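Beneath this line is the structure, given in structure tokens, with notes to follow.
Nothing here was measured: the structure is a model prediction, and the numbers come from that model. Lettering of chains follows the sequences in order, A, B, ..., and the numbering in each one begins at 1.
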Amino acid sequence: MGLSLYNTATHTKDPFEPLVPDTVGMYVCGPTVYDLAHIGNARPAVVFDVLYRLLKRQYKNVTYVRNITDVDDKIIDAAKRNDETIESVTARTSKAYHEDMAELGAMQPDIEPRATAHLPQMIEMIQNLIDLGNAYEAEGHVLFAVAEFADYGKLSRRNRDEMLAGARVEVAPYKRDGADFVLWKPSTDDQPGWESPWGRGRPGWHIECSAMSNQYLGKTFDIHGGGQDLIFPHHENEAAQSACAHDGAPLARYWVHNGFITIDGEKMAKSVGNVRSVRQLLESHRGETIRLAMLGTHYRKGLDWTDSALKLADKALDKWYEAVKDVDADTGSADHIDPAVDAALNDDLNTPQAITALHALASDAWAGNAEAAVKLRTSAQLLGLLGQDSESWFHSHVGVTLDETKIDAMVEARNAARAARDFAEADRIRGELESAGIALEDSAGKTYWKRSG
RNA sequence: GGCCAGGUGGCGGAGUGGCUACGCAGCGGCCUGCAAAGCCGUGAACACCGGUUCGAAUCCGGUCCUGGCCUCCA
């Protein structure tokens with residue numbers, strides 16, 4: 001079963017063939033580190049993590065690059081606002097990003113380049129574009145000359161005339177063409193800056209991805225991913241710069257974009273005041289629950305984030321962890337992967353379909369099919385789920401108030417009461433645990449407890 | 001205004017021509033000291049109007065509605 005991916009460049013689901021056999025390069029636009037990651041930042045991290053896991057299974061050499069943008073005006077603003085240095089803002093928020101993504105079960109990319117560590121490469125590429133006549137210097141800025149690149153607008157399917165007609169911002173007077181965009185801009189003394197042939201300044205937003213992807217993955221690589229909002233202008237501009245700098249070689253072969261998240265049907269935005277940080281969600285939900293809730297909708301669709309979706313995910317995980325109770329967490333062997341899960345994922349990452357197949361396995365496992373339980377464990381791990389022991393899943397919860405030794409003692413006391421047929425006492429203990437958020441389950445001679453609510 | 005996605009049962013969510021997923025919730029039952037979980041059974045949908053076809057949620061045309069982008073944004 002071969003992988004196919006919906007390619008924004010062709011608008012069709014295309015069979016995936018790497019440029020070099022057995023070798024895949026994937027570049028995903030990572031966070032601008034100026035604030036805590038919100039769930040919109042988390043979606044691509046989780047979606048491309050699933051793709052990464054899938055690719056690693058099928059190809060020998062997979063290189064996953066996800067950048068960290070640590071030079072940006074939003075960072076400058078945040079530093080001013082918090083009366084904090086820029087380095088402190090970027091160090092603090094990228095650390096938080098790593099912690100939060102790890103909680104969601106997202107693996108670290110192979111390479112995580114930082115923009116500020118690649119200034120020489122960016123400057124070189126910009127100079128190269130000037131030399132080739134694709135960029136020009138004007139009032140301390142360097143601008144990309146859109147008119148010199150015939151394919152500009154192809155990826156995002158828009159033409160320059162329409163864009164200019166719809167433009168809602170003043171066009172800077174030094175631009176030759178209203179659509180020209182900044183490769184380099186001057187910095188004032190209180191802004192971060194680097195020496196360059198055009199004076200002290202800093203890079204425009206798009207150039208870092210072109211320079212860094214070139215360094216780690218080469219002129220043309222296989223998969224370029226990110227959120228849908230990046231198609232224009234970010235990816236359009238990256239593609240234009242890179243193609244011009246590389247004699248027309250296309251930047252990426254498959255462009256993969258995830259859809260947006262809304263909150264209770266509304267756009268998530270600072271102006272609406274409904275931005276949910278991952279950190280905040282982790283206060284009341286386990287990371288794995290958030291991850292499953294995210295994978296419950298196909299990645300290209302809009303995802304409405306609601307409490308009921310989280311409850312659904314939590315419930316499903318309870319059921320699955322119960323079904324794989326007797327299967328070690330690290331049983332994973334490719335032989336046990338369910339073909340239906342595999343097929344669903346290979347079909348443009350159809351995670352909802354894969355989840356359906358997991359439900360079917362859980363049913364079989366519940367019916368006593370031990371092989372199905374093993375398959376459930378190993379197949380779920382393709383989606384980065386069911387990676388922990390069932391007991392630690394059930395016992396883990398946020399806001400723990402009772403310690404486990406005490407719970408175990410109470411469970412024992414209750415079982416003693418049950419054995420003595422003192423059901424009033426047994427129920428009293430059950431009630432006490434319940435009000436502390438602990439649910440008991442008597443099954444097959446053993447009593448399990450788990451966190452509820 | 002331009003471009004791009006969508007509109008599926010009470011809710012979530014797959015499905016590109018026929019076999020009417022799946023999960024949650026509901027209803028009836030089995031099981032259980034109680035409970036939970038599980039199991040069996042069950043009702044319920046394809047925005048609207050035309051068209052193509054033996055047959056359409058699925059293809060074509062139109063209408064209405066929703067979201068995103070066009071400016072920083074995952």
Side-chain angles (χ1 to χ4, degrees), chain A residues 6 8 11 13 28-32 34-35 37-48 69 72-74 77 153 156-159 161-170 179 205 225-234 236 257-262 265-271 275 292-293 295-304 306 308-316 318-319 322-323 325 340 344 347 350-360 362-363 365-368 417-419 421-424 426-427 430-431 434 439-444 447-450 452:
Chain A
Y6 184 88
T8 305
H11 279 225
K13 215 192 277 182
V28 175
C29 288
T32 300
Y34 67 102
D35 202 354
H38 57 248
I39 53 175
N41 297 306
R43 172 119 102 146
V46 168
V47 163
F48 290 101
T69 300
D72 184 277
D73 289 357
K74 288 196 290 293
D77 294 344
S156 56
R157 311 215 161 188
R158 51 190 86 204
N159 67 55
D161 298 338
E162 284 167 358
M163 283 181 330
L164 293 178
R168 293 181 218 157
V169 282
E170 289 291 312
W205 176 33
Q228 245 158 26
D229 57 319
L230 297 181
I231 297 171
F232 188 88
H234 187 50
E236 187 71 58
H257 294 101
N258 64 270
F260 257 45
I261 288 181
T262 50
E266 262 194 307
K267 179 183 175 168
M268 181 174 70
K270 287 209 165 131
S271 52
V275 175
L292 179 57
L295 295 177
T297 298
H298 185 88
Y299 77 90
R300 275 194 283 119
K301 282 203 162 184
L303 167 58
D304 192 31
T306 59
S308 62
L310 282 163
K311 282 200 187 99
L312 210 69
D314 209 53
K315 199 156 184 165
D318 268 350
K319 186 170 173 176
E322 194 100 43
K325 205 151 49 178
D347 180 15
N350 194 335
T351 51
Q353 195 90 75
I355 289 166
T356 294
L358 295 178
H359 278 297
S363 279
W366 270 107
R418 288 172 72 214
R421 307 202 58 82
D422 181 359
F423 296 122
D427 287 349
R430 173 195 285 287
E434 201 169 281
L440 298 183
E441 284 183 23
D442 302 320
S443 77
T447 299
Y448 296 91
W449 64 266
K450 60 184 175 193
S452 62

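In RNA chain B, runs of at least 3 consecutive Watson-Crick or G-U pairs, each pair with both distances below 3.5 Å, span B:1-7 with B:64-70, B:10-12 with B:22-24, B:26-30 with B:38-42, B:47-51 with B:59-63.
One P atom belongs to B:G29, the other to B:C46, and the distance between them is 30 Å to the nearest Å. Remark: the separation of the C1' atoms in B:C3 and B:C59 is 24 Å, to the nearest Å. Comparing the same atom, P, in B:A56 and in B:G50 gives a spacing of 14 Å after rounding to whole Å. Rounded to a whole angstrom, the distance from the P atom of B:G13 to that of B:G51 is 33 Å. Using atom P as the reference point in both B:U42 and B:U53, the two lie 38 Å apart (nearest Å). Nucleotides B:C48 and B:A57 have their P atoms positioned 11 Å apart, rounded to a whole Å. With P as the reference atom, B:C72 and B:U66 are 27 Å apart, rounded to whole Å. Taking atom C1' on both B:U32 and B:A37, the two are 11 Å apart, rounded to the nearest angstrom.
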Residue pair A:Phe260, A:Met268: steps toward the side-chain contact (heavy atoms from CB on, under 4.5 Å) verdict = CA-CA 9 Å; A:Phe260 257 45; A:Met268 181 174 70; over 6 Å; no

message = Between A:Gln353 and A:Asp347, is the side-chain contact (heavy atoms from CB on, under 4.5 Å) condition met? List the steps.
response = CA-CA 10 Å; A:Gln353 195 90 75; A:Asp347 180 15; over 6 Å; no

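For A:Asn258 against A:Pro44, the heavy-atom pair with the smallest separation is OD1-CB, 3.3 Å. Closest non-hydrogen pair, A:Asp72 versus A:Lys74, comes out as OD1-N, 2.7 Å. Among all heavy-atom pairs drawn from A:Leu292 and A:Ala313, the shortest one is CD2-O, 3.5 Å.
For A:Lys311, the salt bridge (charged side-chain N to carboxylate O under 4.0 Å, His left out) criterion is met by no residue, not counting sequence neighbours. Annotation: side-chain contact (heavy atoms from CB on, under 4.5 Å) contacts of A:Ala354 (sequence neighbours excluded): A:Val341, A:Ala344, A:Leu345, A:Leu383. For the salt bridge (charged side-chain N to carboxylate O under 4.0 Å, His left out) test, no residue two or more places apart in sequence or in another chain qualifies with A:Glu266. When the side-chain contact (heavy atoms from CB on, under 4.5 Å) test is applied to A:Tyr6, the partners found at least two apart in sequence or on another chain are A:His11, A:Tyr299, A:Arg300, A:Asp348. Here A:Leu310 pairs with A:Leu281, A:His285, A:Thr289, A:Ile290, A:Ala293, A:Trp305, A:Asp307 under the side-chain contact (heavy atoms from CB on, under 4.5 Å) rule; sequence neighbours left out. For A:Asp427, there are no side-chain hydrogen bond (donor to acceptor under 3.5 Å, both in side chains) partners two or more places apart in sequence or in a different chain. For A:Trp449, the side-chain contact (heavy atoms from CB on, under 4.5 Å) criterion is met by A:His395, A:Glu404, A:Ile407, A:Asp408, A:Val411, A:Ile438, A:Leu440, A:Arg451, not counting sequence neighbours. For A:Asp304, the side-chain hydrogen bond (donor to acceptor under 3.5 Å, both in side chains) criterion is met by A:Thr262, not counting sequence neighbours.
For A:Asp35 and B:A74, the CG to P distance is 11 Å, given to the nearest whole Å. Residue A:Asn41 contributes atom CG, which lies 5 Å from atom P of B:A74 at whole-angstrom precision. The nearest whole Å value for the distance from the CG atom in A:Leu295 to the P atom in B:G12 is 19 Å. Note: CG (A:Leu292) to C1' (B:C24) measures 12 Å, nearest angstrom. If you measure from atom CZ of A:Arg418 to atom P of B:G33, you get 8 Å, rounded to the nearest angstrom. The NZ atom of A:Lys311 sits 16 Å away from the P atom of B:G13 (whole-angstrom rounding). Atom P of nucleotide B:C3 and atom CD of A:Glu236 are separated by 16 Å, given to the nearest angstrom. For the pair A:Arg43 CZ and B:C73 P, the interatomic distance rounds to 19 Å; values are reported in whole Å.
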Please list, pair by pair, any protein nitrogen or oxygen found under 3.5 Å from a nitrogen or oxygen in nucleotides 4-7 of chain B.
none

Can you check nucleotides 19-22 of chain B for protein contacts, nitrogen or oxygen pairs under 3.5 Å, and list what you find?
residue	atom	partner	partner atom	Å
B:A21	N1	A:Thr356	OG1	3.3

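Side-chain nitrogen and oxygen atoms of A:Asn350 include none within less than 4.0 Å of the OP1 or OP2 phosphate oxygen of B:G13.
Within 4.0 Å (heavy atoms only), A:His298 reaches sugar-phosphate atoms of the nucleic acid but no base atom. A:Gly40 comes within 4.0 angstrom of a base, heavy atoms only. Contact annotation for A:Ser308: no contact, since no heavy-atom pair falls under 4.0 Å across all strands.
Along RNA chain B, the nucleotide nearest A:Arg421 and the nucleotide nearest A:Leu312 are compared for position; the residue whose nucleotide lies closer to the 5' end is A:Leu312. Both A:Ala316 and A:Gly227 lie close to RNA chain B; mapped to their nearest nucleotides by heavy-atom distance, the more 5′-ward contact belongs to A:Ala316.
The listed nucleotides are B:G15, B:C34, B:G68; the one nearest the side chain of A:Lys267 is B:G68.
A:Val47 places none of its side-chain heavy atoms less than 4.5 Å from the side chain of A:Thr351. For the pair A:Arg418 and A:Asp442, the minimum side-chain heavy-atom distance is below 4.5 Å.
The base of B:G12 lies outside donor-acceptor range of the side chain of A:Asp304, with no N or O pair under 3.5 Å.
For the pair A:Lys325 and A:Glu322, the salt-bridge criterion is met [side-chain N within less than 4.0 Å of a carboxylate O].
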note = Contact string for nucleotides 35-46 of chain B, one letter per nucleotide 5' to 3', B = base within protein heavy-atom range under 4.0 Å, S = sugar-phosphate only, - = neither, reads BBSSS-------

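The aromatic ring of A:Phe260 is stacked on the base of B:A74, with the two ring centres less than 5.5 Å apart and the planes inclined by under 30°.
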